[in-house]
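All remarks here apply to the structure that follows.
Proteins come first, then strands; the chains are lettered A, B, ... in the order of their sequence lines, and each starts at number 1.
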4 protein chains.
Amino acid sequence: MSTRRAIGRTVWVIPEGYIPPSSRGPAPEMLSHETACLLNTGDEPAHVVITIFFPDRDPMGPYRVTVPGRRTRHLRFNDLSDPAPVPRGADYSSVIESDVPIVVQHTRLDSRQAENALLSTIAYGE
Amino acid sequence: MSTRRAIGRTVWVIPEGYIPPSSRGPAPEMLSHETACLLNTGDEPAHVVITIFFPDRDPMGPYRVTVPGRRTRHLRFNDLSDPAPVPRGADYSSVIESDVPIVVQHTRLDSRQAENALLSTIAYGE
Amino acid sequence: MSTRRAIGRTVWVIPEGYIPPSSRGPAPEMLSHETACLLNTGDEPAHVVITIFFPDRDPMGPYRVTVPGRRTRHLRFNDLSDPAPVPRGADYSSVIESDVPIVVQHTRLDSRQAENALLSTIAYGE
Amino acid sequence: MSTRRAIGRTVWVIPEGYIPPSSRGPAPEMLSHETACLLNTGDEPAHVVITIFFPDRDPMGPYRVTVPGRRTRHLRFNDLSDPAPVPRGADYSSVIESDVPIVVQHTRLDSRQAENALLSTIAYGE
């Protein structure tokens with residue numbers, strides 16, 4: 001029952017994503033946060049590449065994130081900025097690829113209620 | 001770590017579905033939207049066929065949708081109209097079949113809260 | 001792309017279940033409904049057996065349900081009565097077994113909001 | 001259709017976890033409970049070991065729990081105390097390992113609404 005081996009998959013998909021438009025002012029910006037929780041149970045760091053897909057334009061990316069060995073990272077899509085911020089007010093999907101197995105859960109937080117969440121699902125992994 | 005290959009499965013199932021009856025007037029119609037988010041990571045377009053199942057009548061369909069290569073589509077069941085609209089006020093289930101691998105997530109949006117969602121789960125794929 | 005074959009698995013598990021106690025009066029009874037949505041895409045009827053597990057007593061069952069071919073059934077655990085109603089105010093889990101493949105989704109409905117749901121997940125299938 | 005065999009997997013992962021900080025006083029402490037529902041359908045007891053992972057420190061554990069044969073256990077992370085309570089106000093992930101197959105569902109309860117839940121998903125199993 002070792003927990004140091006790398007559990008999970010190397011490709012994860014979250015089809016559903018949406019960040020409210022900034023044109024609605026600062027309040028709605030604070031209401032909802034799309035989060036991908038990435039767990040790396042192995043000893044080696046996970047080098048993660050995220051690609052964002054849209055309905056009507058080419059995919060954006062790669063966004064690069066590292067999750068150290070035996071660490072978790074709760075990643076907010078609102079915070080992604082390089083190569084460019086994720087567009088507000090647009091439907092998107094994300095593909096999360098890692099060089100070592102990880103496990104990914106998609107959660108939408110509603111910060112009006114002190115870290116309560118509105119929805120959550122284990123992503124699709126293969 | 002290419003994202004251009006087609007990730008996913010070709011058969012997806014969402015057992016739970018419900019669109020509020022229109023007899024309750026326009027307001028409840030706006031409250032809840034059943035959505036299937038379809039991501040096609042491959043280069044080829046995905047030709048998708050949706051079949052709707054009911055408790056007490058024969059299935060309806062096929063509903064035909066195309067998702068271009070490297071694009072996502074957030075499909076609202078309320079918008080399906082050909083061969084016929086999905087009946088309001090009735091429980092239904094949906095089967096989503098594609099000629100190339102895609103990934104499907106089921107989400108119920110509550111539009112009273114600016115695109116917040118009430119529930120979400122990766123569909124059953126095989 | 002036929003939808004008449006039986007899609008899914010024959011064993012499904014929903015670890016989380018809870019029906020509010022009736023001692024709180026009729027109102028809370030109406031607030032929340034545990035639902036298992038069962039889809040049978042095949043032509044043959046699905047003979048389903050449900051077993052309910054508890055923290056501190058032997059399992060209850062079998063509860064027997066039939067889902068006709070090419071039909072869906074949205075089953076409320078509140079309605080199960082034979083061999084006995086599911087105890088109120090107690091944590092439980094359910095195992096759903098079928099003689100033909102089906103797909104099962106667990107949903108908790110909050111009837112205060114006209115069939116909105118609070119949570120949903122595809123059950124564990126094998 | 002026996003339900004006495006052990007259904008499930010022996011390794012389960014819940015990437016998303018958060019317990020509100022106690023510094024906000026007793027009320028928020030009561031609002032949200034992270035729960036892992038563990039079902040053991042087999043005849044033998046399940047000896048379960050839980051390890052908690054963090055963004056910025058070494059994992060904590062092992063937390064040891066037993067689920068008797070043919071029983072379910074709805075485990076609240078708030079209640080884990082040995083070797084140490086799960087830190088409040090910190091993101092975490094959990095790995096749940098068992099010596100016999102079990103099935104695990106992650107649920108966040110909001111106790112303001114009489115055991116209603118905010119989110120739920122079957123954990124990642126392998």
Any idea which heavy atoms bring C:C37 and B:P15 closest together, and the distance? O-CB, 3.5 Å
Give a yes or no on this: more than 12 heavy atoms of other residues, nucleotides or ligands lie within 6.0 Å of atom CD of B:E126. yes
Report which part of B:I14 has an atom under 4.5 Å of a heavy atom belonging to chain C: side chain, backbone, both, or neither. both
What part of C:V67 lies closer than 4.5 angstrom to a heavy atom of chain B: side chain, backbone, both or neither? neither
Consider only side-chain N and O atoms of B:T10 and B:E97, and report whether a donor and an acceptor are under 3.5 Å apart. no
Counting only heavy atoms closer than 4.5 Å, note whether B:V11 contacts chain C via side chain, backbone, both or neither. side chain
Heavy-atom distances under 4.5 Å only: say whether B:Y124 touches chain C with side chain, backbone, both or neither. both
The interface call for B:D56 against chain C, heavy-atom contacts under 4.5 Å, is backbone
Might you point out which heavy atoms bring B:I7 and B:T41 nearest each other, and give the distance in Å? N-OG1, 2.9 Å
Looking at B:S93, B:G17, B:G61, B:P62, which makes the most heavy-atom pairs under 4.5 Å with chain C? B:S93
Please check if the side chain of C:S98 supplies one atom and the backbone of C:V100 the other of a donor-acceptor pair under 3.5 Å. yes
